[in-house]
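Have a look at the structure below, then the notes.
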There are 2 protein chains.
Amino acid sequence: MLDNTKVLLFERQAEIAKAVGHPLRIAVIDFLRDGEKCVCDIAEHIGSERSNVSRHLGVMVHAGVLICRKDGVKVFYSLRTPCVADFLSCVGRVLKHQAEENGKLLASL
Amino acid sequence: MLDNTKVLLFERQAEIAKAVGHPLRIAVIDFLRDGEKCVCDIAEHIGSERSNVSRHLGVMVHAGVLICRKDGVKVFYSLRTPCVADFLSCVGRVLKHQAEENGKLLASL
DNA sequence: TTACTATGTGAGTATATTATCACATAGTCA
DNA sequence: TGACTATGTGATAATATACTCACATAGTAA
């Protein structure tokens with residue numbers, strides 16, 4: 001059975017994975033790879049309402065995936081740690097593995 | 001702006017991250033690190049209803065995180081690729097980074 | 001066959017997440 | 001000061017997700 005420490009760990013891990021588990025949020029993370037960006041730039045790049053983007057950013061800050069910095073009237077968001085990008089690369093590797101298996105399947109037909 | 005290829009990629013990446021973004025499912029992935037397990041063993045280890053666990057397993061198979069193999073009356077689930085465990089390690093590193101920053105904060109008080 | 005076990009699934013309810021709109025706040029500049 | 005810009009947030013509705021119960025299915029073994 002699971003002990004309490006593990007349950008807490010799994011909950012925190014799930015919170016982070018969940019914060020990444022939305023197409024818009026992944027697009028934001030991808031966009032932030034080359035440095036911090038303000039909400040207006042992010043919203044324009046993503047092509048979604050500012051208020052919506054602002055909420056998604058809040059979710060990621062709360063989970064600890066992003067950090068933000070205020071500068072005048074603008075708020076700049078950036079990846080909290082490069083690990084987050086690694087994390088996405090890991091997902092990419094899972095996808096690649098899937099694609100390879102699909103390729104094998106196709107080749108065998 | 002985002003092109004269509006990227007949007008599709010982000011959607012697939014989000015599906016995988018979302019499939020991992022639940023405490024029970026992370027507990028399953030952790031449990032499967034040392035090899036395939038049947039639903040009944042997983043349910044007992046997790047401490048949740050079989051039907052519920054079965055649904056969560058279905059979500060992960062659908063997303064491509066797990067694979068299953070039928071043997072007699074039992075169905076054995078396992079990680080589709082070791083990348084999935086790496087993926088969790090990445091999340092762990094994000095958490096570690098957070099803990100370190102919290103430590104620094106505490107130390108400065 | 002019958003009884004049993006392991007698994008999956010439909011239906012229903014409870015809860016969570018998302019997107020949108022309108023508005024509030026805070027900083028900037030004339 | 002007033003007009004403007006960037007951002008965040010309350011309220012709402014639409015949708016998705018999670019959990020439970022009851023039942024169906026399929027394999028096993030007497």
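Lettering follows sequence order; numbering is per chain, from 1.
- A/Asp71 contributes no side-chain N or O that, together with a main-chain N or O of A/Lys74, makes up a donor-acceptor pair within less than 3.5 Å.
- Between the side chain of A/Arg50 and the backbone N or O of A/Cys40 there is no donor-acceptor pair closer than 3.5 Å.
- Using a cut-off of 4.0 Å between Lys/Arg side-chain N and Asp/Glu carboxylate O, A/Glu15 and A/Lys18 are scored as not salt-bridged.
- Heavy-atom distances to DNA chain D give each of A/Lys74 and A/Asn52 a nearest nucleotide, and the one nearer the 5′ end belongs to A/Lys74.
- Residue contacts for B/Phe76: at a heavy-atom cut-off of 4.0 Å it reaches no nucleic acid atom on any strand shown.
- Contact annotation: B/Lys18 side-chain N/O to D/dA16 OP1/OP2 distance is not under 4.0 Å.
- Scanning DNA chain C 5' to 3' for nucleotides with an atom closer than 4.0 angstrom to a non-hydrogen atom of chain B gives a first and last hit of C/dT5 to C/dA11.
- In terms of position on DNA chain C, the residue among B/Arg55 and A/His56 whose nearest nucleotide sits closer to the 5' end is B/Arg55.
- Remark: the backbone N or O of B/Met1 is not paired with any side-chain donor or acceptor of A/Glu44 at under 3.5 angstrom.
- Checked by atom type and distance alone, the side chain of A/Gln13 never pairs as donor or acceptor with a backbone atom of B/His22 at under 3.5 Å.
- Taken residue by residue, residues 22-33 of chain B places heavy atoms nearer than 4.0 Å to DNA chain D at B/His22, B/Arg25.
- In terms of modelled atom types and a separation under 3.5 Å, the side chain of B/Arg25 and the main chain of B/Ala19 share a donor-acceptor contact.
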